[in-house]
Structures are given as C-alpha cells and as structure tokens.
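Please read the structure below before turning to the comments.
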Amino acid sequence: MADGMSELHDLTVVGLAALLRERKVSATEVAQHFLARIRAHSHLGAFLDVDEEVTLAQARAVDLRLTDKVASDVSSLMGVPVAHKDIFVTRDLISTAGSRMLEAYRSPFDATVVANLGQQGMVTLGKLNCDEFAMGSSNENSAYGQVANPWDVSRTPGGSSGGSAAAVAARLVPAATGTDTGGSIRQPASFCGVTGIKPTYGRASRYGMVAFASSLDQAGVLAQTAHDCALLLSAMCGPDTHRDSTSLDVAAEDFARMLDVAVDGLRIGIPDEFFGPGLAPDVRLCVEEALAEYQKLGARLVPISLPRTELAIPVYYIIAAAEASSNLSRFDGVKFGHRAREYGDLIDMYKKTRAQGFGDEVKRRIMIGTYVLSHGYYDAYYLQAQKIRRMIAEDFQAAFAQCDVIAGPVAPTVAWKLGDKREDPLSNYLADVYTLPASLAGLPGMSLPVGLGSGHMPVGLQLVGNHLQEAKLLGLAHRFQKVTDFHTNKPSGF
Ligand code: GLN
C-alpha cells in the first residue's frame with residue numbers, strides 16, 4: 001500500500017488516476033478505502049444501494065486490465081471510483097429513483113451514462129440518494145430519507161442530486177453523476193461546495209435515466225474540480241441517437257485538453273435580474289468577489305438583461321409537471337415496480353398502487369401536470385408556457401450577442417435548514433429562479449465554489465454558456481481554481 005493511504009479520499013480524480021496509473025495503489029485498494037468511508041459516514045444518508053461484492057469485483061477486473069498495460073495506455077479514469085445518482089438505472093445495483101414505486105427494482109440494463117463510465121474503467125461504489133424522481137431542491141422528497149449537508153448536518157445538501165453533492169463534499173467518492181432538470185446539479189453543488197456541470201441538452205444520453213421532464217432532463221457530473229468534471233463529462237457524453245431520440249449527434253470533445261481558455265478580454269455577461277432584492281447579501285458578496293477575480297484575470301464584465309427570469313418559475317413548473325404527469329403514467333402496477341397487494345378491479349389496482357407508490361410532491365406534480373394539459377386549460381397554461389419558454393431561449397441568444405458567457409449566483413441563499421421549506425412547496429420553487437432559465441433554454445451551466453457565506457456555508461458561482469460551449473465553462477472554472485483554493489475547502493470532520 002502506498003504511503004498516505006488515509007488521505008486517498010482527499011485526492012481528485014486526476015490525482016487518483018495518476019497513482020493508479022503508476023501502480024502506487026491498486027483499484028481494489030482504492031475501492032476498499034472509499035467503501036470503508038461510506039460505511040463510516042452512513043449517517044449522512046447519501047448512499048442508497050451499496051454492494052461491496054459488486055464494487056470489488058469491478059475493481060479486481062480493472063486491476064487485471066491494468067497489469068498488462070503500459071502507463072501511457074491507461075485511460076485517465078481507469079480504477080477511479082464513481083457513484084451514480086439513483087435516477088440512473090444499473091444492472092448490478094437497485095435503482096429506485098428515490099421512490100417507493102421502484103423499491104428493490106433491478107434494471108435489465110445499465111443507463112448509457114453508467115455504461116460509458118464503466119467502459120473507461122471507473123469502479124461503481126453505489127447509488128446515491130435523490131429526491132423522488134428528481135423532483136425537489138432539498139433532497140427531502142426521497143422516500144428513503146433526507147440527506148444531510150456535510151458542512152452542517154442540520155441543513156439540506158440541496159436537491160435533487162443531494163446525495164451526489166453530499167458524497168463528493170464528504171469525500172466519500174471523488175466524483176458522482178447527477179441530473180439537472182431545473183438546477184439539480186448546480187444547486188446541490190453550490191450548497192455543498194463542490195463543482196458541478198450540466199451540459200447542453202442532448203449532449204448526454206437520457207437512455208436509462210428515469211424520466212422526469214424529458215425536454216429538460218440532462219445528465220452531468222459533480223466532483224471537486226473543473227478538471228475532474230471535464231474528464232468525466234467527456235467520457236459520459238456522446239451520440240446515442242438509436243436509444244435517445246433527443247441525443248445530439250455530436251462527438252464528445254476531450255474537455256480536459258481544452259481547459260486553457262483565454263480569460264483576457266473575455267466578456268462575462270452579468271444579468272441584472274440575478275442581482276435583485278431576492279439575493280441574500282452573503283451570497284452576493286461571494287459572487288461579486290469571484291467576478292472581481294475574473295476581472296483581475298482580464299475578463300470584462302458586461303451588464304446584460306434576461307428580462308423573463310422570474311417567468312421561468314411558472315413556465316418551468318407548468319412544463320416540467322406536464323411532462324412528469326405523462327412520463328409517470330407508466331408506473332401503473334402492471335409492467336414494473338410496486339403493485340398494491342389488495343385491490344378490487346383494475347382501476348382500483350391502479351389507484352391503490354399509485355396512491356401507495358408516490359410521495360406527496362410527485363402526486364402534486366402529477367395533478368398540476370394533468371390539469372395544465374387538460375381540455376380547456378391546455379391553451380391557457382401549457383401552450384402559453386411553451387411560448388414563453390421560447391422567448392426565454394431567445395433572450396439568452398440576444399444576451400450572447402453581447403457576451404461570451406453569463407455569470408451569476410446559483411441560488412438566492414446558502415443551504416437552508418432541513419425542514420424549513422418542507423411544508424411550503426412554493427418557497428422551494430422560488431429558490432430555483434437562477435437555475436431554471438438555462439434549463440428551459442437547453443444551455444450548459446455549471447457551479448463552482450467561490451466562498452463561504454452565512455453559517456460558513458458554501459456559495460457557488462453559476463456560469464452559463466451558449467449551446468455546446470461546455471469547454472468554455474470548464475476552462476473558465478479551471479482558471480479560477482488555479483488561482484484560488486475554494487475548491488479545496490472541505491467540511492470539518494471529513
Ligand atoms: N428543483 C427543481 C424541481 O423540483 C429542479 C429539479 C431538477 O433539476 N431535477 O423540479
């Protein structure tokens with residue numbers, strides 16, 4: 001075993017990969033180290049299914065592959081552990097999507113994203129807790145319990161990829177997959193002080209991602225650094241047009257080799273609407289300091305306007321609910337998942353199954369979605385929302401005529417206390433105001449840690465790029481991480 005083994009978990013993906021490549025440590029040793037940490041910190045509630053036999057078998061297979069390879073032939077992710085948001089289906093581990101409906105569900109196949117990372121030799125440590133069907137911003141909607149924020153266990157890690165963000169922040173895994181429909185990678189990354197990116201809609205295959213709102217759902221990654229995110233993003237993305245009709249037919253780029261973006265002269269658009277009275281002063285301060293850092297590096301801050309920012313909330317919660325109500329109709333107790341034990345006729349079986357299988361938030365969305373799609377309301381709500389969605393996308397294109405990237409806060413506040421917004425869905429929805437617009441426009445967005453706000457809680461900076469401009473975002477974040485050390489901050493006790 002290598003020296004400093006106890007610090008393995010502090011290494012980045014890049015750092016771990018180097019040790020593995022040089023055979024200073026085996027994939028099995030790395031996996032064992034992280035599995036022990038997952039056991040030791042199970043109180044966070046970040047992991048759902050963990051199967052040590054499955055993980056160690058994968059690690060041993062990687063070690064065998066490593067023995068007859070010269071270091072230069074080893075993929076940059078070989079033997080590095082990863083964990084998957086439980087919204088991705090996996091053959092060897094249970095896939096619940098955070099729902100009772102899929103309790104103990106085993107998929108006959110792996111999601112494309114999972115398969116792609118596996119092909120690069122990444123070793124799966126387990127499945128990560130998330131809001132039920134990825135609906136939520138606090139991870140309190142999971143049927144399998146809430147997740148604690150490692151920075152302060154009385155607070156939310158954010159959601160819906162709360163397990164992913166908490167696990168990376170607590171150094172239980174060097175990188176994790178997540179999904180972002182309206183902010184679910186960026187917001188938990190911000191709340192937990194890690195780096196996360198959601199690519200352009202269509203970059204990553206949705207095949208094997210349990211569907212929430214299909215026109216918005218997008219897979220991405222959370223890790224300590226932008227460099228690590230770049231490595232995983234390149235491996236997980238790519239065309240999958242036979243299995244996902246919205247998959248973009250563009251080859252994955254080697255983002256890790258594109259990190260050297262020129263910041264000098266770069267125009268960073270600052271949307272006026274992201275800095276209104278709703279933004280907490282501590283978050284504003286961290287974000288402004290980060291922007292000042294970019295100015296020092298030569299970037300120019302350009303005031304821009306995204307005039308329909310606030311409209312993104314009703315538009316998103318109409319469209320996402322509408323799509324959810326349609327997607328979730330498949331959970332009827334017939335094909336897979338939960339079925340009520342006792343029932344009368346077929347209709348009664350549907351009713352009881354769905355009443356038992358879905359949690360409150362999911363039921364709320366199905367009801368809203370069914371309502372806005374129903375005859376008489378479709379034109380007033382759904383169609384109207386679609387029109388404004390288009391305008392929001394056009395606002396971004398107008399903004400990108402004036403700037404190269406857009407920057408602002410990820411969320412109006414730092415992570416709130418668990419329970420604070422549980423009884424008030426609307427206040428949860430409102431907190432998504434800065435992440436929803438980019439989602440509706442299908443644009444890539446990321447969050448990088450830029451400081452600590454009130455309660456010593458992390459604050460993220462959001463970067464949004466035009467379509468397929470992930471390399472620019474990652475490069476900008478990487479540049480920031482070369483001259484600052486916020487990304488190395490970690491919660492005490494981990
Ligand atoms: N908070 C938003 C919602 O509840 C976004 C969730 C997501 O991105 N999956 O729908």
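Treat the numbers as computed from the prediction; the structure is a model and nothing was measured. Heavy atoms only: backbone and side chains are in, while hydrogens, waters and symmetry mates are out.
Between A226 and T195, the closest heavy-atom pair is N-CG2, 3.9 Å. Of all non-hydrogen atoms in L20 and A27, the two that sit nearest each other are CD2-N, 3.4 Å. Between A83 and V173, the shortest heavy-atom distance links the atoms N-CG2, 3.7 Å. In terms of heavy atoms, M457 sits closest to A415 at CE-CB, 4.0 Å. Contact record, M122 with Q58: O-OE1, 3.9 Å, taken as the closest heavy-atom pair. Of all the heavy atoms in P239 and A251, the pair that sits closest is CD-CA, 4.1 Å.
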- [ ] Show your reasoning for whether side-chain hydrogen bond (donor to acceptor under 3.5 Å, both in side chains) applies to Q146 and N129.
- [x] CA-CA 8 Å; Q146 62 195 24; N129 205 344; over 6 Å; no
TODO: Test side-chain hydrogen bond (donor to acceptor under 3.5 Å, both in side chains) on K85 and T179 and set out the steps.
DONE: CA-CA 8 Å; K85 181 176 184 180; T179 60; 2.7 Å; yes
TODO: Could you please spell out the steps behind the side chain to side chain contact (heavy atoms under 4.5 Å, CB included) verdict for I185 and I197?
DONE: CA-CA 7 Å; I185 289 175; I197 183 163; 5.8 Å; no
Open item on the list: Pair I268, R300 - check side chain to side chain contact (heavy atoms under 4.5 Å, CB included), show working.
Closed with: CA-CA 6 Å; I268 303 183; R300 245 184 337 118; over 6 Å; no
Task: Working for side chain to side chain contact (heavy atoms under 4.5 Å, CB included), residues M101 and V362 - done: CA-CA 11 Å; M101 194 57 105; V362 173; over 6 Å; no
Open item on the list: With side chain to side chain contact (heavy atoms under 4.5 Å, CB included) as the criterion, how do V459 and F486 come out once you've worked through the C-alpha distance, each side chain's angles and the decisive distance to 0.1 Å?
Closed with: CA-CA 10 Å; V459 173; F486 299 113; over 6 Å; no
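To the nearest 0.5 Å, the span separating CG on D86 from CG on D131 amounts to 12.5 Å. The distance from atom OG1 of T124 to atom CG of D92, rounded to the nearest 0.5 Å, is 8.0 Å.
Contact annotation: the side chain of F47 never approaches that of S42 to less than 4.5 Å [non-hydrogen atoms, C-beta and beyond]. Side-chain contact check for E132 versus M135: every heavy-atom pair is 4.5 Å or farther apart. Within the 4.5 Å cutoff, the side chain of L125 has no heavy atoms near those of the V50 side chain. In this structure the side chain of Q469 never reaches within 4.5 angstrom of the side chain of F400, judged on heavy atoms. Taking 4.5 Å as the limit, some side-chain heavy atom of P81 sits within range of a side-chain heavy atom of P174. Contact of the L448 side chain with the H487 side chain is not registered, since no non-hydrogen atoms from C-beta on lie closer than 4.5 Å. Using a 4.5 Å heavy-atom threshold, the side chains of F133 and R365 count as separate. Side-chain atoms of Y294 and L266, non-hydrogen and from C-beta on, never get closer than 4.5 Å to each other.
Side-chain atoms of R171 come within 3.5 Å of backbone atoms of V168 as a donor-acceptor pair (strictly under, hydrogens ignored). Under the 3.5 Å distance criterion, the side-chain polar atoms of E470 are matched with a main-chain donor or acceptor of T200. Of the possible donor and acceptor atoms, none in the side chain of T96 sits under 3.5 Å from a partner among the backbone N and O of L102. Distance alone, capped at 3.5 Å, places no donor-acceptor pair between the E361 side chain and the N141 backbone. In this structure, the side chain of K127 engages the main chain of F88 through a donor-acceptor pair within 3.5 Å. Counting only distance, with no hydrogens or angles, the side chain of N139 and the backbone of P157 share no donor-acceptor pair below 3.5 Å. Judged by distance alone, the side chain of S95 and the main-chain N or O of T90 form a donor-acceptor pair under 3.5 Å. Between the side chain of T156 and the backbone N or O of G158, at least one donor-acceptor pair lies under 3.5 Å. Distance alone, capped at 3.5 Å, places no donor-acceptor pair between the H478 side chain and the M258 backbone. Side chain of T241 to backbone of D249: no donor-acceptor contact under 3.5 angstrom is found.
Atom CZ of R100 has more than 12 neighbouring heavy atoms from other residues, nucleotides or ligands inside a 6.0 Å radius. Within a 6.0 Å radius of NE2 in H43, other residues, nucleotides and ligands contribute more than 12 heavy atoms.
Ion pairing between a basic and an acidic side chain is recognised when a charged N comes within 4.0 Å of a carboxylate O; R203 and E253 show such pairing.
Of the residues listed (D244, D217, D180), the one engaging R206 in a salt bridge (charged side-chain N to carboxylate O under 4.0 Å, His left out) is D244, and it is the only one. When Q218, R389, R186 are each tested for a side-chain hydrogen bond (donor to acceptor under 3.5 Å, both in side chains) with S439, only one passes: R186. Screening S142, S184, S137, S138 for a side-chain hydrogen bond (donor to acceptor under 3.5 Å, both in side chains) involving S160 leaves a single residue, S184.
Note on ring orientation: taking the six-membered ring where Trp is involved, the planes of H33 and H9 are parallel (angle under 30°, cut-offs 30° and 60°).
Ring centroids of Y207 and F109 are separated by less than 6.0 Å, placing the two rings close together. Aromatic rings of Y105 and F331 (six-membered ring for Trp) have centroids beyond the 6.0 Å cut-off, not under it. Checked against the 6.0 Å centroid criterion, the rings of W416 and F191 qualify as a close aromatic pair.
Donor-acceptor pairing under 3.5 Å is recorded for the side chains of E323 and S215.
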